[in-house]
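Naming convention: chains lettered A, B, ... in sequence-line order (proteins, then strands); numbering from 1 in each chain.
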Amino acid sequence: MTISLFNTLTRKKEKFKPIQEGKVGMYVCGPTVYDSCHIGHARSAIVFDVIYRYFLASGFDVTYVRNFTDVDDKIINRANQLGIQSHEVSEKYILEFYEDMDALHVQRPTYEPYATKHIDNIIQLVETLIQKQFAYEIDGDVYFKVESFADYGKLSGRKLEDMEAGARVDVDKRKENPFDFALWKSAKPGEPSWDSPWGAGRPGWHIECSAMSSKYLGEHFDIHGGGKDLIFPHHENEIAQSESAFNKPFSTYWVHNGFVNIDSEKMSKSLGNFMMIKDALKRYHPEAIRLFLLSSHYRSPIDFTEQSMDEASQGLDKIYSLMDRLDKADLKTSQTKTGEYWKKFSEAMDDDFNTARGIGVLFDAIRITNRILDEAPNRDNSIDSIICARVDIQKIGEILGILHENPENYFKTKKTAAIQEEAIDAIRVEEMIQARKNARKEKEWAKADQIRQELEKMNIILEDRPDGTIWKIVKS
RNA sequence: GGCGGCAUAGCCAAGUGGUAAGGCAUCGGUCUGCAAAACCGACACUCUCCGGUUCAAAUCCGGAUGCCGCCUCCA
């Protein structure tokens, strides 16, 4: 089965045909490191992380590049605000980015280039563009001439003429066309700068991606990704620069993920409703965040709400509960053959990385395996089904980037956190459970029930299992 | 003004021409001293509305309504 994916460039779902058999070159726009990352950055990182994992699992040799934009107006502004150097700002947020990504189990790409470490490549590319007359210099600034690129607008589906009617663009009279964009910006005093043929300055935003993608993946590569908002102008401009400079198609496929809303509203400075990754991690398990972000198709908008996060958390509990049950079922095996669930999951993933459908398959596997465990766990064919399902669930978990924890540990950690959060006296709870156990032994049901009720008032739920009583905390 | 997307049960969400996955919630049941967990069953004769194409449409085409995004270096 081949992988199909939706290509923004053609607005169609297409079969994936790599440039080189068995290999994938993928470039994804990473963060501009001027602030903490929010849940939208997490979605983009996780969506492409899953795509990366799935290509690897499908046997491809993947080169995955994700850049850091570490020189930019916003970083400079932030540095001025804080009274520090701009590289100090970017270094701080790069570290924070790694903390967030590691916590979310986002795998490191093959290469993570920094714009500031590729200034030579950038200057060279700008020179090529000037030389080929696709760009022009004015007072130390260099602009790309959009009218020189006949296909300008092909990614975003706009025409230069139509856009000019809108006219919400800066009116720099020096530019030949208002949509001409900066390849190189001359430095103002105090700004970070590098020497160039046009004087001291720094790269424009778009050029770094063309320079770095061509360096690590070649001038023509397979997949370019990023958030939907990057389609215009960022990716449109990347295409214009790259195809003009290299005279060949840039990326074959363009993949864009949708936004994350917060309580049905777009995250914005004015609303002040940014959900930062580090804050989300304080409230929810990292794998619950992954499960939530993957529970809708990657191109659809998704709404981050307390309810949807609680549901994702419940779903994760359900998955770990089964894994715990399987651990305790003591099924010795070294079998690793995948079965029907993996097959169905792969079919969903082959179809434009449909993780929502794939998660449906995962829950099917869980339900059916629980049923077998309830009804006839010891029959030979039951054992086969259970072992096979377990292999599939693990493998699906690897693609989704969940199930990193030992199930017993998962529940233990969760409980410890809840004990702290709800300020529960664990020793007293244990004593009450012991008292109830004694009461039950004597068949003093009224007393046992009274203890249960008291615990319920403390938001504690008991479960009598064959091997003893366990307790859980429900969040108030 | 230009371009694009979405509308499926109480909520979230798959579905890409063949008769509506999955999750949460709710209601029955099995299990349990009682519960919880797990499982079983019920829960959209119908997919915003109106037309059209077709033997067949949630799916394709046209129109209407509603919501959203981009055109501001916001993933």
> Which part of the nucleic acid, if any, lies within reach of A/S321 when heavy atoms closer than 4.0 Å are counted: base, sugar-phosphate only, or nothing?
Replying inline: nothing
> In this structure, which one of A/H224, A/R299, A/H235 forms a side chain to side chain donor-acceptor pair (under 3.5 Å) with A/H256?
Replying inline: A/H235
> What pair of heavy atoms forms the shortest contact from A/D141 to A/R174, and how long is it?
Replying inline: OD2-NH2, 3.0 Å
> A/G258 near the nucleic acid: base, sugar-phosphate alone, or nothing, with a heavy-atom cut-off under 4.0 Å?
Replying inline: base
> Does A/I359 or A/S44 map to a spot on RNA chain B nearer the 5' end, using the closest nucleotide for each?
Replying inline: A/I359
>> Which label fits A/Y54 and A/W342: parallel for a plane angle under 30°, tilted from 30 to 60°, or perpendicular past 60°?
In response: tilted
Could you give the side-chain donor-acceptor pairs of residues 444-454 of chain A under 3.5 Å, partners two or more places apart or in another chain?
{"unit_1": "A/Q450", "atom_1": "NE2", "unit_2": "A/E454", "atom_2": "OE2", "d": "3.2"}

>> Using a heavy-atom cut-off of 4.0 Å across all strands, would you classify A/R66 as base, sugar-phosphate, or nothing?
In response: nothing
> Rounded to the Å, how far apart are A/R436 CZ and B/G33 P?
Replying inline: 11 Å
>> Expressed as a whole number of angstroms, how long is the span from A/N261:CG to B/C12:C1'?
In response: 14 Å
> Going by number, which of residues 300-315 of chain A have a non-hydrogen atom under 4.0 Å from RNA chain B?
Replying inline: A/S300, A/Q307, A/E311, A/Q314
> Separation of A/H297 atom NE2 from B/G15 atom P, in whole Å?
Replying inline: 7 Å
>> Is the ring pair A/F304/A/Y284 parallel, tilted or perpendicular, if the boundaries are 30 and 60 degrees?
In response: perpendicular
> Looking at RNA chain B, which of residues 362-373 of chain A put a heavy atom within less than 4.0 Å of it?
Replying inline: A/F363, A/D364, A/R367, A/N370, A/R371
> When the ring centroid of A/F179 is compared with that of A/Y152, is the distance short of 6.0 Å?
Replying inline: no
> Strictly by modelled atom types, are A/Y298 and A/D352 linked by a side-chain donor-acceptor pair under 3.5 Å?
Replying inline: yes
> Across the strands shown, which category fits A/V260 at heavy-atom distances under 4.0 angstrom: base, sugar-phosphate, nothing?
Replying inline: base
> Could you give the CG-to-P distance, from A/L230 to B/G69, as a whole number of Å?
Replying inline: 17 Å
>> Considering every strand and a 4.0 Å limit on heavy-atom distances, what is the contact class for A/F181: base, sugar-phosphate, or nothing?
In response: nothing
> Between A/K185 and B/C73, is there a side-chain N or O to OP1/OP2 distance below 4.0 Å?
Replying inline: no
>> Apply the syn/anti split at 90° from 0 to B/C45 and say which one it is.
In response: syn
> Reckon A/G227 touches a base, only the sugar-phosphate, or nothing at all at heavy-atom distances under 4.0 Å?
Replying inline: sugar-phosphate
> For A/K443, which contact category applies under a 4.0 Å heavy-atom criterion: base, sugar-phosphate, or nothing?
Replying inline: nothing
> Atom CG of A/L294 to atom C1' of B/A14: distance rounded to whole Å?
Replying inline: 14 Å
> When the C1' atoms of B/C68 and B/U32 are considered, how many whole Å apart are they?
Replying inline: 49 Å
>> Under 4.0 Å from OP1 or OP2 of B/G15: is there any side-chain N or O of A/N354 that close?
In response: yes
> Any donor-acceptor pair under 3.5 Å linking the side chain of A/D392 with the backbone of A/G339?
Replying inline: yes
>> Heavy-atom nearest nucleotide on RNA chain B for A/D374 versus A/H38: which residue maps closer to 5'?
In response: A/D374
> Counting any heavy atom closer than 4.0 Å, what does A/R465 reach on the DNA or RNA strands: base, sugar-phosphate only, or nothing?
Replying inline: nothing
>> Parallel, tilted or perpendicular: which one describes the rings of A/F181 and A/H206, with boundaries at 30° and 60°?
In response: perpendicular
> Less than 4.0 Å between a side-chain N and a carboxylate O, is that true for A/D464 and A/R436?
Replying inline: yes
